Amino acid sequence: MADVHAKIPLTGGSDFWHTPAIPEADLPELMWTDGPHGVRKQSGSTDHVGINSSEPATCFPPAVGLASSWNPGLLERVGVALGEECRALGVGVLLGPGMNIKRSPLCGRNFEYFAEDPFVAGELASALVRGIQSQGVGTSLKHFAVNNQETDRMRRDSQVDERTLREIYLRGFGKVVLSAQPWTVMCSYNRVNGTFASENHWLLTEVLRDEWGFEGVVVSDWGAVWDRVRALKAGLDLEMPANRTHEDGVREALAAGGIDEATIDRAFGRIERIVRRAAASLADAPDSFDVAGHHALARATAEQCIVLLANDGVLPLARETTVAVVGEFARTPRYQGAGSSRVNPTRLDNALDAIAALVGHEVPFAPGFATAAGQELPADAREQAVAVAKDADVVLAFLGLGENHESEGYDREHADLPEEQLTLLEDILAVNPNVVVVLSNGASVLLPFADRVRAIVEGWLLGQAGGGALADVLYGVVNPSGKLTETIPHRLADVPSYLYFPGDDSGVRYGEGLFVGYRGYDALGTDVAFPFGHGLSYTTFAYSDLSVTATDGGLSVAVTVTNTGSRAGREVVQAYASIAGSKVVRVPRELKGFASVTLEPGASARVEIAIPAAELAFWSVQDHAWVVEGGEYTVEVGSSSRDLRLSGTVAVAGDEPFRPLTLASTVAEGMSVPAFAEVVGRMAGDAFGSDPDLMKMMESMPLAALAGFSGQSPRQLQALLDHVNAVRQAAQG
Ligand code: BGC
C-alpha cells in the first residue's frame, strides 16, 4: 500500500476500543480491551474507567492476588484461559498485565500491580504474557514507566535517578520484553524525568527498542498523548482512543514537513503486523469458552493466592467448631479493583455460602458495617454483630477496603482499615477473644490488632471464585501457601517512600532511591508487621544442605526442603543475593530467584534455583551499563526475606569494564593499580611525607591535585597514565 495518507488513521483508534479497518490494505478493525485479570469487553456504552458494564467473563484474581502465589506456571495457565476468552469474545489485544512497582501502600492501583520487587514482578508478568499470547492474542505491558501513584497521574513528573530507574522501575519491564516479547507496551500518562512517557524518545526508542529489542507496538494509555506528531517521532505507534484532532495534526505536519513518511510507515507497519496476527487467530475462534472450567481455574488459583499472615493454631478450623461470621465482605465479596480493570464476572461465590456448604448448615452472620456507599444497614448493625460474635467458639471477622477506598484515579490518604471496622473489631474482642480476621483489600493495610487476634488471613482480592477458596483455607481443605510480595509495615511513616509520596505539582521525587520496600526496611533495620516473602502454612518446612556454586552462566543454588509437619503443603523457597564490600551503594539483599515445591508430610525434595549472572548486575552510572561486580557473593535461602534459613558464599569473577586511570582518578584508585602504586606513593611522599594518617586523608584526592602539590606537571603525569593504561588494557586483552 503506497499512499501514506491512507496509513495515518491506523496511528490512532477508530473509537474507544478499536483500531480502524484500512480497506486499502485489506486490514480489518481490531478490538483492544481491558484487562488485565479478565476480559472487559464493552458492547454498549463505552468508557475506559469501568463505569459501564461489559460482557460476562471470568474474573480471575487481580495481580495483587496472583502475585502472592509466586507461581509462574499457574499464571501461565490463567493466561491461557484469558487468551481463550479473548478469542471467544473477539478481542485481539488484552490490555495488561500492569507491572509498576508498589512504591507505597497508598497507590490506589496497587491491586493491579504485582510487587514491590522487580524480579518477582517480572517473572510473574512474563508468565502471564506467555500464556495469553500462546493463544494468538496480544498483551499490553503497562504502564511504561514509573507510574507508581494515581495522584495527578496524567501530568506528574516522576523524578528518578539513573540507577534507581534502571534497577527498580525498568528492570521488570525489561525482563518481560526480553523473555516474552509482549505484542504491545502501553506508555503511561506521567512524565519521566521531565518528558511525558508518550513523547519520551529515550524510553520508547533507545531503551525499549534499541536496548531490549522490543519488536511490537507502543500504544498510549487512554488519553496519554498530548501531541501525536511528537509522540510518533519519539517511538509511539498507536494513540488510543480515537482523537480526530490529533489525526488531523499528523496530516498537517506531513504536509508541512513536520513529520516524515518513514515515521508514519514505521508505526503503520508495526500495527499492521499485530492486527494481521490477531485477525488470523480470531478467524477460526470458537464463540464460547469453558465457563465452568475457567471458574474452577479461578478457584484453584485463588487458593494459592491467600496468605496466612498469623495463626496461633486456631486455624484450620474443625467443622464442629461453632463459628460466627461478621462483616459484609463475607456475603458481598470484594473481589476485584475499581476502574478500567473491572470485569463482569460469569459467577460470583461468597465465603458465607461456601462456609455453610462446607460445615453442612447455615452459620450465624451479621454484616456489621457497610462496604459500599449507599448501602443501607439497620441502625443497630454493630450491636447485632457483637451479639452474634459473643457466643461463638470462633468469630470470623471479614474486614477490608471497599471499592470507594481504593481505585484507579486516586490514591489512598491513609493505610488504615475504615474506622468503623476497627471499632467493631474492638467491640467484638471485648466479648470474645477468639477472633480470626479475614482481609479483602487491594493494597496492604496496617494491622495494629495483629497481636490481639488469633489469626489473620490476607485474602487480597481473589476474583470471582475467592469465596470458596477462603472457606477451604479456613477449614484446612486447602493448606495456604501464598507469600507476600509487598511488606506490611507497622506504620505508614515507616514506608521508605513516605517523605516523597506523592509529591506535588513540581513533581514526585523518588528520594528513597534503590531503597524501595524490603530493600529500605532492611537497610534501616525497621521492624515490620509482616515482611516481604512472608506467609504461613499449616505444616512446617525445614531447610538443609544448601549448595551455592558458580557456573558458566551465573550461580546454581540447591537446597533440600523437608515437610516436617503433618499435612501436605507447598513452600515457596526464596533466594536473596548480596555482595560483600561493594564499591557502590547496595541494598542489604535482593531477591534473585524462587521456586515452589509441594511435599507430602515427611517428604523431602532438592530445590534448584539458577541465578543468571545478569541478575547479579547493578546499573553502573559511570559506565551507563549493567556491570557484574567481581567479588564474594552471599546467597541466603529461606521462607521469607526475614526468615532466611541458610546462606552460602561464592566468588564471582564479574565483568567490570576496563576503567582507564585519568587525572580525575583518586590517589586510592591510583594505588589500587600495582603498576602505578609506586609512582603515586612517591608523588604523595614528595608532597606530604610518609605519615600514614596523612596518607589516609589523601586517599580521595584526585591525581591532578596531587600532581600540583608534588610539583609534577599534569602533562608528564598524563603521559605516565597513558602508558600505564595501555599496559593494563593489553594485559586484560
Ligand atoms: C488505564 C489503563 C487502561 C485504559 C483503557 C486507562 O485509564 O490507565 O490501564 O488499560 O484506561 O481502559
Side-chain angles (χ1 to χ4, degrees), residues 12-19 30-55 57 59 62-64 82 86 89 91-102 107-114 121 125 128-129 132 137-156 158 173 176 182-192 196-198 216-226 236-243 336-344 406-411 442 461:
S14 55
D15 59 19
F16 241 92
W17 302 120
H18 294 88
T19 44
L30 188 73
M31 181 159 210
W32 305 50
T33 196
D34 291 304
H37 59 280
V39 187
R40 186 169 78 99
K41 182 186 179 186
Q42 292 183 320
S43 37
S45 323
T46 52
D47 69 273
H48 72 299
V49 281
I51 298 167
N52 294 303
S53 66
S54 52
E55 292 186 26
C59 179
V64 62
L82 287 169
C86 282
L89 291 165
V91 170
V93 178
L94 189 68
L95 301 175
M99 56 163 308
N100 298 87
I101 292 292
K102 301 188 198 215
C107 172
R109 220 171 170 182
N110 274 358
F111 58 80
E112 233 177 299
Y113 300 141
F114 291 98
L128 207 57
V129 167
I132 297 170
V137 171
T139 55
S140 197
L141 195 64
K142 67 190 187 182
H143 308 89
F144 190 59
V146 214
N147 175 193
N148 310 92
Q149 64 186 51
E150 293 297 286
T151 304
D152 202 14
R153 67 169 169 161
M154 297 190 75
R155 298 182 312 174
R156 192 135 301 181
S158 298
F173 280 100
V176 184
W183 288 14
T184 83
V185 165
M186 184 190 291
C187 75
S188 55
Y189 289 122
N190 53 287
R191 295 171 161 98
V192 179
F196 278 110
S198 63
V217 166
V218 176
V219 57
S220 73
D221 199 343
W222 268 229
V225 171
W226 295 72
L236 181 111
D237 302 301
L238 174 64
E239 175 183 5
M240 287 299 280
N243 187 320
Q336 65 176 331
S340 61
S341 67
R342 189 201 305 265
V343 173
N344 177 13
E406 52 180 347
S407 169
E408 175 178 343
Y410 56 89
D411 292 320
L461 306 178

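Note that ligands are numbered from 1 as they come in the structure, with each ligand's atoms numbered from 1 the same way. Everything quoted here is computed from the prediction, not taken from an experiment.
For His48 and Phe16, the ring centers sit closer than 6.0 Å to each other.
For Phe16, no heavy-atom contact with ligand 1 is shorter than 4.0 Å.
Of all atoms in ligand 1, listed by their number and element, those nearer than 4.0 Å to a heavy atom of Leu95 are 10 (O). Under a 4.0 Å criterion applied to the non-hydrogen atoms of Arg153, ligand 1 contributes the atoms 7 (O), 8 (O). The contact set between ligand 1 and Asp221, taken as ligand atoms under 4.0 Å from a residue heavy atom, comprises 1 (C), 2 (C), 3 (C), 4 (C), 6 (C), 7 (O), 8 (O), 11 (O). If you number the atoms of ligand 1 from 1 as listed, the ones under 4.0 Å from a heavy atom of Lys142 come out as 2 (C), 3 (C), 9 (O), 10 (O). For ligand 1, the atoms closer than 4.0 angstrom to any heavy atom of Trp17 are 5 (C), 12 (O).
Without hydrogens or angle criteria, Glu150 side chain to Gly108 main chain gives no donor-acceptor distance under 3.5 Å. The closest donor-acceptor contact from the side chain of Asp237 to the backbone of Val218 lies under 3.5 Å.
For atom 11 (O) of ligand 1, the nearest non-hydrogen atom of the protein is His48 CD2, 3.2 Å. Of the protein's non-hydrogen atoms, Asp34 OD1, 3.3 Å is the one closest to atom 3 (C) of ligand 1.
Ranked by closest heavy atom to atom 9 (O) of ligand 1, the top entry among Glu408, Arg342, Arg109, Met186 is Arg109.
Considering backbone and side-chain N/O of Trp222, none are found under 3.5 Å from N/O of ligand 1.
Judged as a side chain to side chain donor-acceptor pair (under 3.5 Å), and not counting sequence neighbours, Ser220 has no contacts. Checked against side chain to side chain donor-acceptor pair (under 3.5 Å), Arg191 has no partners two or more places apart in sequence or in another chain.
Side-chain atoms of Lys142 and Asn147, non-hydrogen and from C-beta on, never get closer than 4.5 Å to each other.
With 3.5 Å as the limit, one finds a donor-acceptor pair spanning the side chains of Arg109 and His143.
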